Each structure stands twice: as structure tokens, then as C-alpha cells.
Amino acid sequence: MWLKLVVFVAVLAFLAPKIFVWYFSITIDKPEGDCDFIVVGAGASGSVVASRLSEVSTERVLLLEAGEESSPNPLINIPFLASHLQYGKFDWSYWTEPQKDSSFALNDQVSYWPRGKVLGGSTSINYLVYARGTKSDFDSWDSLGAPGWSYQDVLPFFKKSENMLDPDLAKKDHHGTGGPLNVSLGYKNKMFTWFMKAANEMGLPQFDYNGHDEEGVSPIQSTTTNGKRTSAADAFLRPFANRKNFEIVCGAHVKRVLIETQSDGSKKAVGVEVVKNGESFIVKSKKEVILSGGAIGSPQILMLSGIGPKEHLNEMKIDVAKDLPGVGSNLQDHFMISLGFRLSNVDIQEFVSSKVVTLSNFASYLFHGSGPLTTTLDAVGYVKVMHDEKYNWPDIHFYLRSSPVKPDSKDVMKKLFNYKEEVGDDLHEAASSFNSDHVSDFSILIGLAHPHSSGSIKLRSSNYLDHPIIDPSYLSDTRDVTTLVEGIHFAKQFEGAEISKKFGIRMVLFMKHCSSQHGNATDAFYECLVRSLALTEYHPCCTAKMGKDPMAVTDARLRVHGISGLRVADASIMPHLTTANTQAPCYTIGEKAAHMIKQHWGLI
């Protein structure tokens with residue numbers, strides 16, 4: 001049966017793109033003539049900006065995407081198979097520099113960073129969690145020099161995008177209905193029910209994490225429609241691509257923004273240089289260029305265009321158009337550790353199937369839009385574990401993932417996360433000690449919501465094809481280690497809940513060299529685990545932050561300081577990370593950017 005399913009999915013994956021191109025393509029090969037607005041990057045923010053600007057029929061809008069046009073590819077459409085999109089043609093496949101203070105269990109202490117290289121950007125390959133962040137996140141942005149970005153300012157734009165499909169949540173005044181982006185509640189298994197009850201016993205209420213409260217536990221809200229992934233391309237591009245003033249070009253890699261010196265000595269963006277199929281061409285903009293290449297792509301394009309730290313640009317032999325030292329700095333990312341749990345008084349099969357990709361689950365997905373193939377994570381929670389006099393926001397977010405970890409997962413773990421061979425050996429040893437075919441029945445992921453550590457993006461060379469130097473500097477600030485250690489202590493409290501005792505639930509942690517050095521269940525052991533096993537959550541941001549300080553790259557209206565006609569609209573403009581996943585904020589950044597651009601040009 002398994003072989004038949006694999007063959008079926010493979011045939012679909014092979015045929016669907018061809019059928020799609022023949023009948024449903026929404027792109028053109030190459031633009032002709034000047035445009036009013038050029039948007040670079042078709043991820044969450046860029047898709048929204050381009051789509052909203054094209055609502056004004058008098059304005060010609062061009063959207064450029066370096067990746068391919070997405071299609072009804074089953075790997076993209078089925079949420080559970082998200083990890084299978086990594087390393088493929090839809091992924092930029094970035095790697096970080098070796099880390100000094102973390103990633104000790106990874107080969108060369110290097111992390112793999114997948115980012116979407118496809119129409120829809122990372123919304124086409126991500127884990128679909130729709131999490132806005134907390135009220136405190138946006139109020140902090142406002143206070144840090146970005147007026148107009150407080151929670152009350154951004155809430156209307158969250159609601160504008162959203163079409164909440166859950167009828168109970170749709171009644172809440174902080175949710176939107178009728179927007180292009182469908183949001184629904186995830187699939188719930190019995191493990192989800194245990195998790196919610198155990199958390200309630202620990203004093204965490206059930207809450208709507210996209211509402212006004214900032215601590216609690218919740219089912220996942222995901223960007224899915226009847227169990228199928230809804231990407232930015234699905235929501236904001238395909239329904240509107242027939243507008244005569246809207247053009248989308250894929251396979252279009254932007255080398256640089258064209259900057260001209262005006263008669264008064266000021267600098268202005270007037271277009272972009274693009275390479276497609278080996279051919280270089282220029283497209284001019286009459287009004288603005290908007291960069292939406294993400295936290296990696298946007299600072300890279302800015303620096304290749306001569307906008308960035310002058311010392312670094314001189315080193316790369318790039319003419320300096322504008323010295324902006326903040327370009328590429330302030331790189332932040334959520335960092336998490338996966339903690340395993342076992343049940344001893346009940347069979348895991350009573351909670352969740354150990355096999356997800358089965359013919360019956362595939363049929364449930366196809367015909368009913370339900371079942372475990374429609375989800376990636378099962379539940380989410382926010383909690384504050386440390387005392388911080390400055391901020392009262394949650395410093396830990398945590399997720400339930402109800403999938404057993406087996407020793408034969410080591411090849412997958414090595415490929416997806418770059419874990420060393422010895423980690424797989426530890427899995428085998430741990431499973432043997434339990435006389436079991438798996439190490440843990442389910443996992444709780446503990447994530448650092450607001451890291452103090454920050455890194456940088458720098459050019460590797462002046463060649464636009466070279467991936468930049470990515471150094472997140474994970475755990476370089478010891479406060480992050482302390483917070484994650486406290487997060488592990490918090491997760492261990494799940495053992496003590498009465499409902500957990502009923503099922504014999506206990507946390508099992510394995511890392512041979514950590515236990516041999518520090519014993520088990522000590523802070524030193526937990527720190528060793530954190531510095532060895534913790535991983536990226538794929539949420540890079542903040543590398544072209546908005547604000548007024550010397551390291552700010554844009555103002556609060558996302559205009560690049562010192563260059564007219566140029567804005568940045570994506571995760572890179574965040575002053576700091578939001579409490580959880582960055583997909584929802586990126587949609588709202590796009591909505592607010594489009595609104596401000598229309599205001600500026602008198603289009604609303």
C-alpha cells in the first residue's frame with residue numbers, strides 16, 4: 001500500500017506542474033515597458049503589496065519572483081509533507097556560518113535555513129501556523145521609533161487580510177472575515193485533548209492566541225482551506241492575476257536596484273536590473289520599487305545596490321549609494337529545542353496513529369479535508385518564565401507535536417537539521433533502554449520568543465548568485481540560554497498534572513555526552529542540551545529595521561532612509577521579533593505597506 005501511495009503522489013507531482021502551466025499559469029515571460037510600481041519578491045508581504053496596488057486600475061504593477069511558478073503540487077498542498085519541500089527547487093537552501101555558542105550537535109555547527117523560492121515564497125513551504133504575535137509586540141515597535149505600528153494601528157490590517165473559517169472565532173471582534181486569506185483551526189487528536197487539560201491544570205487557560213490575552217494554550221490556527229495549504233499565491237495572486245494592469249514574472253532574479261542622482265544631489269530608485277534565463281534586462285519604475293525579498297534577500301539586494309555599511313561595500317568593491325550601517329545587522333530568529341515524552345500506562349495508538357502517511361489518511365485528506373495530513377503541529381502556548389522589568393510579554397512559546405521519534409528517523413534528522421551521526425546513535429541507545437522501537441511518543445517544542453542574541457547578513461561577494469554570509473549568533477547572549485533552560489523546567493511540569501499521571505507521561509531527554517558530563521535533570525545538563533540540540537524555527541527577521549535610530553534602515557512608512565522611490569516591506573523591517581511565527585505579521589506588513597503607498601500617491 002505504501003509503495004502505491006508513493007507512486008501515486010510521485011505521478012501527481014510530475015504531471016500537475018505541466019497541466020498547470022498549460023491551462024492555469026498566471027505569469028508572463030517578460031514585462032514590456034515601464035511600470036508604476038515594481039515589487040521584488042512574491043512571499044507573504046510582496047504578494048499582498050502587489051495585489052493591493054493592482055486594485056487601482058490606473059497603476060501598472062509588476063511582481064518579480066526569482067523562483068518558479070507554484071502549481072497544484074501535492075507536496076505543497078498537503079501540510080504534513082512540508083518538510084519534504086526542503087532542499088528542492090522551491091527552496092533557496094541557505095546555510096548559516098558555523099556557530100560559536102550553539103549547534104554543537106550539528107555537523108560543523110552549521111544550521112540549514114530553508115526559505116521559499118517559489119510563487120508564494122515561504123508561505124508555500126512553511127508549517128502554516130497563523131500567529132499574529134501579542135499586543136505588547138506591536139506596542140513595543142511603536143515605542144521604538146515606528147509610530148503607527150502599535151497593536152491598535154495594525155489590528156485593522158490583520159483583519160483586512162483574514163477570512164476566519166471557524167464560526168466561533170469569526171464572531172470575535174479581533175478576527176476578520178471576507179479577506180483573501182483563509183484561516184482555520186487545525187486537526188485535533190486525543191493527544192491534543194490531554195495537552196490542553198494538562199496545561200489548564202498548570203494554570204494556563206485556553207485562549208485565542210491571536211486575541212488580546214498574552215498567556216495560555218490554544219489549538220493551532222493555520223492558513224489552510226479544507227485541510228489544504230493556502231499560500232500567499234493562492235490568496236492574493238491567483239484570484240486577481242487577470243487584472244490588465246497586473247503582471248507577474250517568475251524566474252526573475254533581481255541583481256540590483258537602479259539608483260540615480262537627482263539634480264538636487266538626492267538619490268532615487270528608478271528601476272531594477274533583472275536576470276532571467278541568463279538574459280539581463282532593465283525594468284524602470286515611474287513611482288516606486290518595493291523590496292519584499294525577506295530578511296535575507298532584501299538586505300542582500302540593498303547591499304548589491306550600494307545601500308548598506310560603507311566599509312563592507314568598499315570591501316566588496318561596490319560603489320556606495322547610501323551609507324546605511326544597519327543593513328544586514330540586527331538579524332534575529334526564534335530558537336527552539338524539542339523535548340521528548342513517553343506514555344507508560346497506555347498505548348500511544350490510543351492517542352494518535354504512529355503512521356500518518358497511509359491510504360486511509362490520504363483519502364480523508366482528499367475527500368473530506370480532514371485527518372493528520374492536514375496539519376503540521378497540534379497546539380500552541382505562550383508563557384512567561386523569566387522576570388523582566390522592561391517587558392511583560394511571554395518569553396517562551398511552545399508547541400505540541402504528536403509524532404513518535406524513532407531511531408530510524410536519524411537519516412531524516414540528519415538531512416533536515418544537519419545533526420551529527422552520533423545523535424542518531426543516541427536515539428538507538430535510548431530506544432534500546434526503553435525496550436521499544438521508538439524514543440518518544442510525542443514532543444513538546446520549547447521556543448525562545450524574544451531572543452537577546454542577534455547576528456548579521458553580509459555579502460559573500462558582489463555576485464548576486466552567491467548566497468550571503470548568514471551568522472545568527474545563536475545563544476551569544478547567555479540570557480537566551482537561561483530562558484530556554486527555564487523553558488525546559490516549565491515543560492517538565494507537564495509530568496505533574498493529574499491527567500499526565502493517569503497516563504504515566506514523563507519527559508525523556510537524551511544526549512549521551514551531556515548526561516555523561518553533567519548527569520541528568522540538572523541546569524548544566526539542560527544547558528548542554530540547549531547548546532547542542534536547539535534549532536532554528538525558520539523565522540529570520542529584522543535585518544532592515546524601521547525606526548529613527550542610527551541603525552534603522554527605513555522610516556515608519558517603510559521608506560529607505562536617503563533613497564526616494566524605494567521601500568522595504570517584509571520581515572526585515574521588524575525592529576524585533578514577534579512572540580511567535582512570523583507569517584501573519586508579514587501579511588500585515590504587506591497590507592499596511594500597500595495602504596501607505598496608496599496614501600502617498602493619492603490613490604485612496
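The structure presented is a predicted model; accordingly, all values stated were derived computationally and were not measured.
Side-chain atoms of T230 and T225 include a donor-acceptor pair closer than 3.5 Å. Judged purely by distance below 3.5 Å, without hydrogens or angles, the side chains of H397 and E537 pair a donor atom with an acceptor atom. In this structure, a donor-acceptor pair under 3.5 Å is absent between the side chains of N210 and Y130. Between the side chains of H175 and D166, no donor-acceptor pair is found at a separation under 3.5 Å. Using modelled atom types, one finds no donor on one side chain facing an acceptor on the other under 3.5 Å when comparing S184 with Q221. Side-chain contact check for N226 and Y365: no donor-acceptor pair (N or O, by modelled atom type) lies under 3.5 Å. Between D142 and S150, the side chains place no donor N or O within less than 3.5 Å of an acceptor N or O (distance only, hydrogens not considered). Residues E162 and T177 have side chains that never bring a donor and an acceptor to within less than 3.5 angstrom of each other. Checked by atom type, the side-chain pair S54/N245 shows no donor-acceptor distance below 3.5 Å. In this structure, a donor-acceptor pair under 3.5 Å is present between the side chains of D208 and H174. Side-chain atoms of R559 and T554 include no donor-acceptor pair closer than 3.5 Å. A donor atom on one side chain and an acceptor atom on the other are not found under 3.5 Å apart for S364 and N361.
Of all heavy-atom pairs between T483 and V385, the closest is O-CG2, 4.0 Å. Between P451 and D333, the shortest heavy-atom distance links the atoms CG-O, 3.6 Å. Considering every non-hydrogen atom in both A449 and P394, the closest pair reads CB-O, 3.7 Å. Residue G148 comes nearest to D153 through the heavy atom pair O-CB, 3.0 Å, listed as atom of the first residue, atom of the second, then distance. Closest of all the heavy-atom pairs between G46 and V39 is O-CG1, 3.6 Å. Nearest heavy-atom pair, A584 versus A131, reported as atom, atom and distance to 0.1 Å: CB-O, 3.5 Å.
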V560/V568 under side chain to side chain contact (heavy atoms under 4.5 Å, CB included): CA gap, chis, key distance, verdict: CA-CA 7 Å; V560 174; V568 181; 3.8 Å; yes
Where do F398 and F490 land on the ring-ring contact (aromatic ring centres under 6.0 Å, His included) test, with the steps shown first? CA-CA 10 Å; F398 56 101; F490 161 77; 4.9 Å; yes
May I have the step-by-step check of side chain to side chain donor-acceptor pair (under 3.5 Å) for T579 and H450, ending in yes or no? CA-CA 6 Å; T579 295; H450 293 282; 3.0 Å; yes
Where do F157 and W149 land on the ring-ring contact (aromatic ring centres under 6.0 Å, His included) test, with the steps shown first? CA-CA 11 Å; F157 295 104; W149 289 86; 8.1 Å; no
Can you check ring-ring contact (aromatic ring centres under 6.0 Å, His included) on W92 and Y87, steps first, answer last? CA-CA 8 Å; W92 281 97; Y87 293 95; over 10 Å; no
Side chain to side chain contact (heavy atoms under 4.5 Å, CB included) for S93 and Y112? Distances and angles first, verdict last. CA-CA 7 Å; S93 300; Y112 177 69; 3.0 Å; yes
Take N330 and S454 through the test side chain to side chain donor-acceptor pair (under 3.5 Å) and record every step on the way to the result. CA-CA 5 Å; N330 194 42; S454 64; 4.7 Å; no
For side chain to side chain donor-acceptor pair (under 3.5 Å), just list the numbers for E214 and S136, CA-CA rounded to whole Å, side-chain angles, deciding distance to a tenth of an Å, and then say yes or no. CA-CA 8 Å; E214 300 199 344; S136 300; 2.9 Å; yes
From CA spacing to verdict: side chain to side chain contact (heavy atoms under 4.5 Å, CB included), F90, L75: CA-CA 11 Å; F90 299 138; L75 292 182; over 6 Å; no
List the steps, then state whether side chain to side chain contact (heavy atoms under 4.5 Å, CB included) holds for D555 with M546. CA-CA 5 Å; D555 64 12; M546 59 179 167; over 6 Å; no
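Taking the six-membered ring for Trp and the full ring otherwise, F195 and F494 have centroids separated by under 6.0 Å. When ring centroids are compared, Y587 and F236 come within the 6.0 Å threshold. For F246 and F37, the ring centers are positioned 6.0 Å apart or more. Proximity of the aromatic rings of W393 and H576 is defined here by a centroid distance below 6.0 angstrom, and this criterion is met.
Ring-plane geometry between Y127 and Y538 is classed as parallel, the angle between the planes falling under 30 degrees on a 0 to 90 degree scale with a further cut at 60. The aromatic rings of F335 and Y474 sit parallel, their planes meeting at an angle under 30°, below the 60° perpendicular limit. Ring geometry for F341 against F442 counts as parallel: the plane angle stays under 30°, on a 0 to 90° scale with 60° as the upper cut. Using cut-offs of 30° and 60° for the angle between ring planes, the Y382 and Y209 rings count as perpendicular.
K89 is listed as a side-chain neighbour of E68, based on a closest heavy-atom distance under 4.5 Å. Side-chain atoms of R229 and L128, non-hydrogen and from C-beta on, do get closer than 4.5 Å to each other. Side chains of L416 and Q86 form a contact here, defined as non-hydrogen atoms less than 4.5 Å apart. Annotation: side chain of I296 is in contact with side chain of R115 (closest heavy-atom distance under 4.5 Å). Proximity of V553 to K545: side-chain heavy atoms (C-beta onward) are nowhere separated by under 4.5 Å. Proximity of H212 to D173: side-chain heavy atoms (C-beta onward) are separated by under 4.5 Å at one or more points.
Shown here is K228, whose NZ atom has more than 12 heavy atoms of other residues, nucleotides or ligands within 6.0 Å.
If you run side-chain hydrogen bond (donor to acceptor under 3.5 Å, both in side chains) between S402 and each of N189, D441, T375, only N189 comes through.
A distance of 10.5 Å separates CD1 in I604 from CE in M596, rounded to the nearest 0.5 Å. The CD atom of E215 sits 10.0 Å away from the OG1 atom of T134 when rounded to the nearest 0.5 Å. Once rounded to the nearest 0.5 Å, the distance linking CG of D378 with NZ of K188 reads 10.5 Å. Expressed to the nearest 0.5 Å, how far CG of L237 lies from OG of S231 amounts to 7.5 Å. Note: S572 OG to Q332 CD = 12.5 Å, rounded to the nearest 0.5 Å. Between the OG atom in S292 and the CG atom in L64 there is a gap of 11.0 Å [rounded to 0.5 Å].
Between the T543 side chain and the A295 main chain, a donor and an acceptor come within less than 3.5 Å of each other.
Identified under the salt bridge (charged side-chain N to carboxylate O under 4.0 Å, His left out) test for residues 39-62, with sequence neighbours left out: R52-E55, R52-E591, E55-K598, E59-K287, R60-E247.
No salt bridge links E486 with K384; every basic N to acidic carboxylate O contact stays at or beyond 4.0 Å. Salt bridge E288/R567: present, at least one basic N to carboxylate O contact under 4.0 Å.
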